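This structure is a prediction, so every number in the text was calculated from the model and none was measured.
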Amino acid sequence: MRAITQRSFGGPEVLEPTEVDRPRPSLNEVLVRVHAAGVNPIDAHVRSGALRFLGSPPFILGWDVSGVVEEVAPGVTRFAVGDEVYGMPLIPRAAGGYAEYLTAPSRQLARKPAALDHPSAAALPLAGLTAWQALVDAAAVGSGQRVLIHAGGGGVGHLAIQIAKARGAEVVTTASAAKHDFVRRLGADEVVDYRAVDFAAVVGKVDVVLDGVGGDTAIRSLDVLRPGGSLVTIVDMRDAGLAGRAAERGLRVVGVTAEPDQVGLAALAELVDAGRLRPVDRVLPLAEAVEAHRLIDSGSTTGKVVLTV
């Protein structure tokens, strides 16, 4: 089968097309014919060697996928051949999404949202689960709350805005001026240009902050939280100093990293099919994986980048 592999750590240019053996599903797994694969910052960090939890190359990157079940192994009861599925299987182990086929535990996948094609569905799992697990599972965001979402125009941020609005919250977001119209269309009630003003001086008090920036942004976010409020970080999960500063003020810091979650995937699909959540994606063919990673490395993408397989 066709796949994108790498033989060394480095820049986007280390990614190369190749032919590899098609995987075979084990007990409780399905073989998925991949139609599209999402590209995430974590992919670029692993490619470069900044994160090495896959060990040394060669390996196949990619966790976000949408496709069709090609084969079911013994023990699988949730899917049949021909079912359209999507998910983010196996992370932090290798899933091999940049390929024509992958195998995955059936309970780490869910049925693809009916309202989305495969590329849009592949844009949803990792970023969507990060936002869902941060806002819903960790912070229990609900009606009447005020939420600050940093980097609202990014992969996680643009989905988090929509999820928070669907939960009944008032949403404030930071974004560059070029993305203000975009985040307002997603439902943001208030938009702050973080390049022009200090968000901590203009936002006012909020109940929850979702931080995908880290560093000084996370520290200053404590200043805008109401007593008892929560800072949910997806980047500074092990920052004991940040947690200590928060505790001194009666605030809570929670670190979240997305994990495979069929319940969360089903909830996201329900929002999509109800017309309340829509991923925004830029689609490239699998052969242009190098260009996709250049876009991710630029740090200025709007929404998600997706490869069609």
Neighbour count above 12 (heavy atom, 6.0 Å) for [X] [atom1]:
X      : atom1 : value
Arg226 : CZ    : yes
Asp21  : CG    : no
Arg282 : CZ    : no

Test item: [X] and [Y] side chains (from C-beta on) under 4.5 Å apart, heavy atoms:
X      : Y      : value
Arg22  : Leu31  : yes
Leu295 : Val39  : no
Arg146 : Val203 : yes
Val69  : Val76  : no
Asp261 : Met88  : no
Leu61  : His293 : yes
Val156 : Ile149 : no
Ser221 : Leu225 : no

[atom2] on [Y] to [atom1] on [X], rounded to 0.5 Å:
X      : Y      : atom1 : atom2 : value
Tyr86  : Leu124 : OH    : CG    : 4.5 Å
Lys112 : Asp83  : NZ    : CG    : 11.5 Å
Ile296 : Ser298 : CD1   : OG    : 7.5 Å
Asp43  : Ile4   : CG    : CD1   : 12.5 Å
Gln262 : Arg111 : CD    : CZ    : 11.0 Å
Arg184 : Glu190 : CZ    : CD    : 9.5 Å

Quick one: closest heavy-atom pair of [X] and [Y], and the distance?
X      : Y      : result
Gly152 : Thr173 : CA-OG1, 3.1 Å
Ala131 : Ile163 : CB-CD1, 3.8 Å
Leu54  : Ala94  : CD2-N, 3.4 Å
Leu102 : Pro89  : CD1-CG, 4.5 Å
Asp273 : Ala114 : OD1-N, 3.1 Å
Gly62  : Ala95  : O-CB, 3.6 Å

Would you say the side-chain atoms of [X] pair up with the backbone N or O of [Y], donor to acceptor, closer than 3.5 Å?
X      : Y      : value
Asp281 : Val283 : no
Asp211 : Gly214 : yes
Asp64  : Leu126 : yes
Gln133 : Glu259 : yes
Ser48  : Gly11  : no
Glu100 : Arg2   : yes
Gln145 : Gly142 : yes
Gln108 : Leu90  : yes
Asp189 : Val171 : yes
Lys205 : Asp223 : yes

Does the distance from a Lys or Arg side-chain N to an Asp or Glu carboxylate O, for Arg7 and Glu16, drop under 4.0 Å?
-> yes
> Salt-bridged, Asp297 to Arg47, with N to O below 4.0 Å?
Replying inline: yes
Is there a donor in the side chain of Glu84 and an acceptor in the side chain of His35, or the other way round, less than 3.5 Å apart? no
- Query: With distance as the sole criterion, is a donor-acceptor pair present between the side chains of Arg195 and Ser176 under 3.5 Å?
  - Reply: no
Quiz item: Taking it one step at a time, do Leu135 and Arg167 satisfy side-chain contact (heavy atoms from CB on, under 4.5 Å)?
Solution: CA-CA 9 Å; Leu135 294 175; Arg167 303 280 295 180; over 6 Å; no
Practice item. Indicate the ring-plane relationship of Phe53 and Trp63, choosing parallel, tilted or perpendicular according to the 30° and 60° boundaries. Key: tilted
Return the orientation label for the Phe199 and His150 ring planes: parallel under 30°, perpendicular over 60°, tilted otherwise. perpendicular
Following the transitive rule for hydrophobic clusters with a side-chain heavy-atom cut-off under 4.5 Å over Ile, Leu, Val, Met, Phe, Trp and Tyr, establish whether [X] and [Y] coincide in one cluster.
X      : Y      : value
Val209 : Val213 : no
Val254 : Leu242 : no
Val136 : Leu186 : yes
Leu159 : Val306 : no
Leu116 : Val68  : no

- Task: Decide yes or no on side-chain contact (heavy atoms from CB on, under 4.5 Å) for Val224 and Val172, but give the supporting numbers first.
- Result: CA-CA 11 Å; Val224 303; Val172 184; over 6 Å; no
Report the C-alpha separation of Phe59 and Val46 in whole Å, then their side-chain angles, then the decisive distance to 0.1 Å, and conclude whether the side-chain contact (heavy atoms from CB on, under 4.5 Å) test is met.
CA-CA 10 Å; Phe59 46 66; Val46 174; 3.9 Å; yes
Exercise. When you look at Leu129 and Leu265, which way does the side-chain contact (heavy atoms from CB on, under 4.5 Å) test go after all the steps?
Worked result: CA-CA 7 Å; Leu129 285 176; Leu265 288 170; 4.0 Å; yes
